Trainee: 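Got a structure here, written out as structure tokens. Questions coming.
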Amino acid sequence: MGLLKLGSAALVGSALTLAVVAGPTHIAETVRQAAQPVTSTASGVASSLGTDLSSLVGQTPRPGLTTPGNPAIVAAPAVAQQPATAPVQPVQQVGASTETTVRVYQDNRPSVVTVISSAVAPGFRSEPQPNGTGSGFVIDNQGHILTNNHVVAEADKLEVTLSDGTTYTAKLIGRDARFDLAVIQADIPADKLRTVKLGDSDALQVGEQVVAIGNPYGLDGTVTTGVVSGRRPLVSEPSSEGILVNAIQTDTSINPGNSGGPLMNARGEVIGVTTLGLMPNGGQAGLNFAIPINNAKKILNDLMANGSYKHPFVGIATAEITESVAQQLNLPVKQGLLVQSVEASSAAGQAGLRAGTSQQQAGARQVATGGDIITAVDGRQLARPEEFVAYLAMNKKAGETITLTVLRDGKQQDLTLTLGERPVAQEQQNQQRPSQQQPGQPRQQPGRQTPGSGNGNSAFPSFPLPGGR
């Protein structure tokens with residue numbers, strides 16, 4: 001099965017690049033048993049969910065440091081229970097849900113646009129040709145539109161089509177491959193300009209109704225509805241550095257072309273940006289993901305003012321310590337992170353963090369031991385690498401400091417690090433423009449399979465959304 005970005009064509013997976021030695025059963029394995037692999041992204045980006053967590057904290061993945069599963073589920077506040085005596089009224093509930101969907105759709109459809117990407121074929125001097133479509137939504141009265149990075153990456157020309165069918169030229173304002181978000185701008189007449197209201201994704205509860213509006217397979221203005229199925233600390237996009245921190249999992253139908261569109265709560269507030277979908281055997285599995293709108297709020301000002309966002313960078317690779325790993329390796333703690341490697345010029349290297357030097361077998365994997373064991377960051381206990389990545393992504397900026405509590409030679413000590421700036425992916429560094437793929441034509445990625453292709457060698461084939469990479 002595969003994870004795919006829902007833009008026009010892109011691959012999505014679990015973007016955590018920290019090594020995990022052992023952990024709970026992964027979603028990937030559960031789904032693999034239910035139906036053989038195929039994944040996709042709402043815009044056209046496919047990736048594997050939690051099957052390859054081999055990466056550095058604030059750094060690119062390193063070979064040999066992979067994890068056998070998906071990120072852990074973040075518990076959400078319990079939904080208030082109705083009194084035991086309350087009568088069950090399914091018809092009334094269905095009616096209320098339908099009315100909510102209709103209201104949210106009618107109020108917000110004019111704010112949702114189709115993002116059309118065009119590119120010039122390599123080696124040819126000609127006018128840009130349509131390359132893919134995705135979704136986006138207007139966020140202010142200046143015509144700024146939020147969408148996925150994979151929807152616009154590598155495009156030579158961008159256009160947006162409104163709900164009334166009128167099309168306007170758009171320009172790229174800023175983009176961020178790490179969070180897979182981008183801001184474009186179009187000169188939309190004031191009488192046609194309708195903006196959305198941004199909500200608070202941290203307030204979402206599992207089980208809460210959500211509504212998505214987008215342009216799956218070029219069918220503009222399509223609405224789908226479902227619930228928040230869960231929250232995940234980290235979901236990464238395969239074959240890219242994109243990560244969804246505190247990802248929103250939903251059973252709302254998300255397909256290629258939906259990428260970059262809004263996911264709204266029952267009040268009509270945008271609480272997420274639809275991005276990825278899991279498609280076993282090329283069909284919907286009800287396992288789809290959205291980027292929390294609070295992630296976008298964190299970087300929006302930087303994208304609009306500077307065109308990019310500086311992510312914090314530590315410069316280490318780590319492996320998860322579980323009770324069983326601790327027992328096998330005779331470690332002094334039952335949870336924490338084993339430092340596997342340290343980049344000399346990074347914040348971690350300058351602070352003197354030590355990597356393991358002795359390779360030992362831990363279950364089916366080899367890990368480096370003898371180095372520092374990280375047990376906490378800024379006083380917060382750490383059990384898994386993705387917790388570290390999520391904490392840095394949402395709470396810290398480049399140039400700020402963190403305190404790591406480590407065990408070294410059996411003794412606990414605190415190390416203070418001044419966070420560096422995460423190196424910009426080569427792809428984004430070399431491109432001054434976005435790029436896209438044709439609707440329904442996901443870009444092939446090494447080791448990945450697009451829905452229906454039938455012969456990918458990835459455990460999670462994916463389909464990309466517009467702007468796949």
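As the structure is a prediction and not an experimental result, all values here were calculated from the model. The figures that follow rest on heavy atoms only: side chains count, while hydrogens, waters and symmetry mates do not.
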Trainee: Apply side chain to side chain donor-acceptor pair (under 3.5 Å) to Thr224 and list each qualifying residue two or more places apart in sequence or on a separate chain.
Mentor: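 For Thr224 there are no side chain to side chain donor-acceptor pair (under 3.5 Å) partners, ignoring immediate neighbours.
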Trainee: Compare every heavy atom of Gly257 with every heavy atom of Ser135, then report the nearest pair and how far apart it is.
Mentor: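 That closest heavy-atom pairing would be OG-O, 2.7 Å.
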Trainee: Would you mind reporting whether Arg194 and Val138 have side-chain heavy atoms less than 4.5 Å apart?
Mentor: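 Val138 vs Arg194: side chains apart.
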Trainee: Donor-acceptor pair, Ser201 side chain versus Asn294 backbone, under 3.5 Å?
Mentor: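 Checked: pair present.
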Trainee: Check for a donor-acceptor pair, side chain of Asn301 on one end and backbone N or O of Met304 on the other, with a separation under 3.5 Å.
Mentor: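 Absent.
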Trainee: Taking side chain to side chain donor-acceptor pair (under 3.5 Å) as the test, write out the residues that go with Tyr391, two or more places apart.
Mentor: Asp378
Trainee: Hey, does the side chain of Asp180 reach the backbone of Asn148 with a donor-acceptor pair shorter than 3.5 angstrom?
Mentor: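 No.
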Trainee: How many angstroms lie between CD1 in Ile316 and OG in Ser341, if you round to the nearest 0.5 Å?
Mentor: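 So the CD1 of Ile316 and the OG of Ser341 are separated by 8.0 Å.
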Trainee: Could you pull out the closest heavy-atom pair between Met394 and Asn246, with the gap in Å?
Mentor: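 Closest approach of Met394 to Asn246, heavy atoms only: CG-ND2, 4.0 Å.
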Trainee: Between the main-chain N or O of Val210 and the side-chain N or O of Thr225, is there a donor-acceptor pair closer than 3.5 Å?
Mentor: yes
Trainee: Measuring from atom OG1 of Thr147 to atom CG of Leu172, what distance do you get when rounded to the nearest 0.5 angstrom?
Mentor: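 With rounding to 0.5 Å, OG1 (Thr147) is 10.5 Å from CG (Leu172).
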Trainee: Is there a side-chain contact between Leu181 and Asn149 in this structure, where contact means two heavy atoms from C-beta onward sitting under 4.5 Å apart?
Mentor: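 The answer is no; the side chains never approach within 4.5 Å.
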Trainee: Would you find a donor on one side and an acceptor on the other, under 3.5 Å apart, between the side chain of Ser346 and the backbone of Val314?
Mentor: yes
Trainee: How would you list, by chain and number, every residue that makes a side chain to side chain donor-acceptor pair (under 3.5 Å) with Lys192, sequence neighbours excluded?
Mentor: Asp164
Trainee: Which heavy atom in Pro312 sits nearest to a heavy atom in Lys397, and how many Å separate them?
Mentor: CB-C, 4.0 Å
Trainee: For side chain to side chain contact (heavy atoms under 4.5 Å, CB included), just list the numbers for Gln209 and Thr101, CA-CA rounded to whole Å, side-chain angles, deciding distance to a tenth of an Å, and then say yes or no.
Mentor: CA-CA 9 Å; Gln209 181 185 2; Thr101 303; 3.2 Å; yes
Trainee: Contact between Leu300 and Ile139 at the side-chain level, heavy atoms closer than 4.5 Å - yes or no?
Mentor: yes
Trainee: For residues Tyr309 and Lys298, determine if any side-chain heavy atom of one lies less than 4.5 Å from a side-chain heavy atom of the other.
Mentor: yes
Trainee: If you apply the rule side chain to side chain contact (heavy atoms under 4.5 Å, CB included), what do you find for Val228 with Thr250, and how did you get there?
Mentor: CA-CA 5 Å; Val228 175; Thr250 178; 5.8 Å; no
Trainee: Check whether any side-chain heavy atom of Tyr168 lies under 4.5 Å from a side-chain heavy atom of Asp187, and answer yes or no.
Mentor: no
Trainee: Got a sec, which residues hit ring-ring contact (aromatic ring centres under 6.0 Å, His included) with Phe179, two or more places apart in sequence or on another chain?
Mentor: His311
Trainee: Would you indicate whether the side-chain heavy atoms of Leu353 and Ile374 approach each other to under 4.5 Å?
Mentor: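 Counting from C-beta outward, Ile374 and Leu353 do come under 4.5 Å.
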Trainee: Side-chain contact test, heavy atoms from C-beta onward, threshold under 4.5 Å: evaluate it for Val211 versus Tyr105 and give yes or no.
Mentor: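 Side chain of Val211 against side chain of Tyr105, heavy atoms only: no contact under 4.5 Å found.
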Trainee: For Asp251 and Asn288, indicate whether the former's side chain and the latter's backbone hold a donor-acceptor pair under 3.5 Å.
Mentor: no
Trainee: Give a yes or no on this: more than 12 heavy atoms of other residues, nucleotides or ligands lie within 6.0 Å of atom CG of Asp202.
Mentor: yes
Trainee: Is it true that Asp220 and Arg109 have a side-chain N and a carboxylate O under 4.0 angstrom from each other?
Mentor: yes
Trainee: Report, as yes or no, whether the 6.0 Å neighbourhood of atom NZ on Lys197 holds more than 12 heavy atoms from other residues, nucleotides or ligands.
Mentor: no
Trainee: Are the side chain of Thr318 and the backbone of Val339 linked by a donor-acceptor contact shorter than 3.5 Å?
Mentor: no
Trainee: Looking at every heavy atom in both Ala348 and Gly315, which two are closest together, and how far apart are they?
Mentor: CB-O, 4.2 Å
Trainee: Distance check, rounded to the nearest 0.5 Å: Ile243 atom CD1 versus Arg178 atom CZ?
Mentor: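 Rounded to the nearest 0.5 Å, the CD1-CZ separation comes out at 3.5 Å.
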Trainee: Output yes when a side-chain donor or acceptor of Arg232 lies under 3.5 Å from a complementary backbone atom of Ala247, and no otherwise.
Mentor: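 Checking the backbone N and O of Ala247 against the side chain of Arg232, no donor-acceptor pair under 3.5 Å is found.
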Trainee: Is there a donor-acceptor pair under 3.5 Å between the side chain of Gln185 and the backbone N or O of Gln142?
Mentor: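 The answer is yes, because a donor-acceptor pair under 3.5 Å joins these two groups.
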Trainee: Name each donor-acceptor pair under 3.5 Å that joins a side chain in residues 265-273 to protein atoms two or more places apart or in another chain, with its distance.
Mentor:
from, atom 1, to, atom 2, distance (Å)
Asn265, OD1, Arg267, N, 3.0
Asn265, OD1, Gly268, N, 3.2
Asn265, OD1, Glu269, N, 3.0
Asn265, ND2, Glu269, OE1, 2.9
Arg267, NE, Glu269, OE1, 3.3
Arg267, NH2, Glu269, OE1, 3.4

Trainee: Please round to the nearest 0.5 Å and tell me the distance separating atom OG1 of Thr418 and atom CD1 of Ile402.
Mentor: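 Between atom OG1 of Thr418 and atom CD1 of Ile402 there are 9.5 Å.
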Trainee: With rounding to the nearest 0.5 Å, note down the distance linking CG in Asn258 to CG in Asn215.
Mentor: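 Here the interatomic distance stands at 7.5 Å.
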Trainee: Calculate, to the nearest 0.5 Å, the distance between atoms NZ and CG belonging to Lys310 and Asp176 respectively.
Mentor: 13.0 Å
Trainee: In this structure, which one of Thr195, Ile173, Ile184, Val112 forms a side-chain contact (heavy atoms from CB on, under 4.5 Å) with Ile145?
Mentor: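 Looking at Thr195, Ile173, Ile184, Val112, the match for Ile145 under the side-chain contact (heavy atoms from CB on, under 4.5 Å) is Ile184.
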Trainee: Might you work through the side chain to side chain contact (heavy atoms under 4.5 Å, CB included) test for Ile293 and Leu146, ending with a clear yes or no?
Mentor: CA-CA 10 Å; Ile293 199 62; Leu146 184 63; 4.0 Å; yes
Trainee: Is any side-chain heavy atom of Gln340 closer than 4.5 Å to a side-chain heavy atom of Val367?
Mentor: yes
Trainee: With Asp107, which residues qualify under side-chain contact (heavy atoms from CB on, under 4.5 Å), at least two apart?
Mentor: Arg103
Trainee: Closest heavy-atom contact between Leu337 and Pro385?
Mentor: CD2-N, 3.5 Å
Trainee: Where do Pro292 and Arg231 come nearest, in terms of heavy atoms and distance?
Mentor: CG-NH2, 3.8 Å
